[in-house]
There are 2 protein chains.
Amino acid sequence: MRLVIARCQVDYAGRLTAHLPMATRLIMVKNDGSVLVHSDGGSYKPLNWMSPPARLREGVTEDGRVEWTVHGKDGPDGDTLRILVDEVLSDSSHDLGLDPGLQKDGVEKHLQELLADHPGTLAPGLTLVRREYPTAIGPVDLLCRDDRGSCVAVEVKRRGDIDGVEQLTRYLELLNRDSTLCLNGSVRGIFAAQEIRPQARVLATD
Amino acid sequence: MRLVIARCQVDYAGRLTAHLPMATRLIMVKNDGSVLVHSDGGSYKPLNWMSPPARLREGVTEDGRVEWTVHGKDGPDGDTLRILVDEVLSDSSHDLGLDPGLQKDGVEKHLQELLADHPGTLAPGLTLVRREYPTAIGPVDLLCRDDRGSCVAVEVKRRGDIDGVEQLTRYLELLNRDSTLCLNGSVRGIFAAQEIRPQARVLATD
DNA sequence: CGTGCCAGGTGCCAT
DNA sequence: ATGGCACTTGGCACG
C-alpha cells in the first residue's frame, strides 16, 4: 500500500463526472491498483476513488505538471480518474500482506436464525415449516403454520422499511395463488423487524 | 490526519459485532475523530470504522498491551471500536486543512431535468405538469399529461430495477384513487431508465 | 428533525 | 456472469 499526501486536483469521468478543486489530500493506492482520495473529514467514503482492478500511470501534462491517470477495469475507454499533483508532501509504501478478513455477527441472518428457533414469539402457536422457502421470485425468510393450520409467511428485516413490506406483499400474492398452501385459509404475512418505521406500519395495515 | 501502519486486532461492537484477527493494516484517524481501518485490498469501504463524531483514547490493557478505544457519538454507551495494537510500523500526522468539497454532475437529477425539458421524447405529445409531484407516499418524478389529456406518471431511474417498477406501481395505485387526476381515463405510467433489467421489464408488462 | 430515496453504492450469495 | 438483496449501508433533499 502506498500513501501519498499531496496538494492535488482530481477529476473523475465515468458513470458520472466529479471534480475536486486543488487542495491537500491523502491519496491511497492499494495493492490491487485501486485508488482512494480522502480528505481530513467526512465519513469513511473517499471523495473520489477507483475500484479494483485498476491501473495507475504517472505522467506529465503538456505544460510539465505531474498528472496521475487511473483507469478502471475497462482500460482507457472506461472510468478514468485524473489526479493533477501540484506538490507531494509525503510518499511512503508499506507491505501489509493479505488480510485474514472480517467476521460479522448480529446481522439479519442471525436474527432470522433466532426467530426460526422460536417462531412462537412471533405469534402464539406458530411452528416453522421451512427457512428460506424458495419461490419463483425469491426465498421467503420463514414459512410457518399457525395453530389452525394456515400458512404464515414471515419477512425478517433488521430495519422495517417500506420496501420490506412490499417484498412481503409480493410473496403473499404469489403464495396465495398456490392452492396447496391455502388449504386452511389464505396465507397471512408477518413483518418482523428490530425497528419498524411508522410509514411501513401504515402500509402494512393495508 | 494521522496515519498509522500497525499490526493490530480490531473488534467492533455496536449495531452488530465484528472481529478482525491480528494482521498489518492502515489505521486512519481523521481530524473529526473518525477512524478507518483499511487493508491492502477490497474497495473503498474500510474493514472497520467509526463514523464522526468520535473520540480516540490510547490506553493499555491489564497485561500491558497497547489498546486504542474509539467511542462514537453516544460516548462509552454507544458504538465502540477496540484496536489492540501489537506493533506500530509507521505513525505520521499531516495537516490537510479543510477540503473545498466535491462537485458532481450527471446523476439521476440531471437525467430528470433533461426529461422534464423534453417530455415529448418519452411519448409523442406528452407535456409536463409538474416535476417531483408530491403524494402521500413520496414525490412522483414527473407528472405529465398526454395529447388526450390523460395523466401520465413517469419514474426516472439511472438503472431500471424491480423496486423502481414497484415504486411506480405504488404511485399509480394512489394516483388512480384521486378522481381529479383520472378525468380523462386512468393514470398511465412510464418507466424511464438508461438501462432496464430484463426482470424489471417482465414485471412492468404486468 | 424525521422520512423517503439515490448511490460511481459495495458486498454476499444464489442460480 | 447475472440477479436479488442486505448493509454499522451513507448521503441528501424536502416536509
Side-chain angles (χ1 to χ4, degrees), chain A residues 12-18 34 42-52 54 72-74 78-81 101-102 104-112 132 134-139 141 155-164 166-167 170 193-194 197-203, chain B residues 12-18 34-37 41-52 54 70 72-74 78-81 102 104-112 132 134-141 155-159 161-164 166-167 170-171 193-194 197-200 202-203:
Chain A
Y12 167 78
R15 275 157 280 194
L16 58 68
T17 63
S34 59
S43 70
Y44 70 69
K45 196 172 180 175
L47 296 167
N48 252 327
W49 72 94
M50 181 62 69
S51 304
K73 60 175 162 57
D74 298 327
D79 298 13
T80 304
L81 199 63
L102 186 67
K104 283 188 189 181
D105 190 16
V107 261
E108 185 201 302
K109 196 165 88 175
H110 200 242
L111 182 61
Q112 189 191 118
E132 296 287 339
T135 75
I137 55 169
D141 285 347
E155 173 65 29
V156 182
K157 275 267 181 301
R158 204 176 58 77
R159 238 175 59 181
D161 240 326
I162 280 187
D163 50 351
E166 263 169 359
Q167 200 175 331
R170 216 158 63 218
Q194 289 180 310
R197 306 227 162 247
Q199 318 307 12
R201 187 182 293 276
V202 170
L203 186 62
Chain B
Y12 167 78
R15 277 158 282 192
L16 59 67
T17 63
S34 59
V35 177
L36 287 67
V37 179
S43 72
Y44 69 67
K45 197 171 182 176
L47 296 167
N48 252 326
W49 71 93
M50 182 62 70
S51 303
V70 187
K73 60 175 162 56
D74 297 328
D79 298 13
T80 304
L81 200 63
L102 185 67
K104 282 190 188 180
D105 190 15
V107 255
E108 185 200 300
K109 196 164 89 175
H110 201 243
L111 183 61
Q112 189 191 116
E132 297 286 339
T135 75
I137 55 169
V140 178
D141 284 348
E155 175 64 31
V156 181
K157 276 269 179 299
R158 201 178 56 77
R159 235 179 59 180
D161 239 326
I162 281 188
D163 50 350
E166 262 168 0
Q167 199 175 332
R170 214 157 66 217
Y171 289 142
Q194 288 180 311
R197 305 232 160 244
Q199 312 348 39
V202 170
L203 186 62

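Every chain is numbered from 1 and lettered A, B, ... according to where its sequence line falls, protein lines coming before strand lines.
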- Picking from dA6(D), dC6(C), dG8(C), which would you name as closest to the side chain of Tyr12(A)? dG8(C)
- Task: Could you tell me whether the phosphate oxygens of dG11(C), OP1 or OP2, come under 4.0 Å of any side-chain nitrogen or oxygen in Lys45(B)?
- Result: no
- Could you work out which one of dC6(C), dT8(D), dA6(D) sits closest to the side chain of Lys157(B)? dC6(C)
- Item | Below 4.0 Å: OP1/OP2 of dG11(C) and any side-chain N or O of Tyr44(B) | no
- Nearest-angstrom distance from the residue atom CG of Leu16(A) to P of dC12(D): 14 Å
- Give a yes/no on whether any side-chain N or O of Ser51(A) is located under 4.0 angstrom from OP1 or OP2 of dT10(C). yes
- Item | Proximal nucleotide (of dT10(C), dT8(D), dC7(D)) relative to the Ser43(B) side chain | dT10(C)
- Message: Given dC5(D), dG8(C), dT8(D), identify the nucleotide with an atom nearest to the side chain of Ala18(B).
- Response: dT8(D)
- Message: If you compare every side-chain N and O of Gln112(A) against the phosphate oxygens of dA6(D) (OP1, OP2), does one of them come in below 4.0 Å?
- Response: no
- Task: Measure from the side-chain heavy atoms of Lys104(A) and tell me the nearest of dC5(D), dC7(D), dC5(C).
- Result: dC7(D)
- Message: Rounding to an integer number of angstrom, what distance separates dA6(D) and dA7(C) when you compare their C1' atoms?
- Response: 15 Å
- CD of Glu166(A) versus P of dA6(D): gap in Å, rounded? 13 Å
- Message: Check the phosphate of dC6(C) against Gln167(B), side-chain N and O only, distance under 4.0 Å to OP1 or OP2. Yes or no?
- Response: yes
- Assign Lys109(A) to base, sugar-phosphate, or nothing according to its heavy-atom contacts below 4.0 angstrom with the strands shown. nothing
- Per nearest nucleotide of DNA chain D, the residue lying toward the 5' end, Pro139(A) or Asn48(B), is Pro139(A)
- Query: Hey, does Met50(A) reach any base, or is it just sugar-phosphate, or nothing, if we go heavy atoms under 4.0 Å?
  - Reply: base
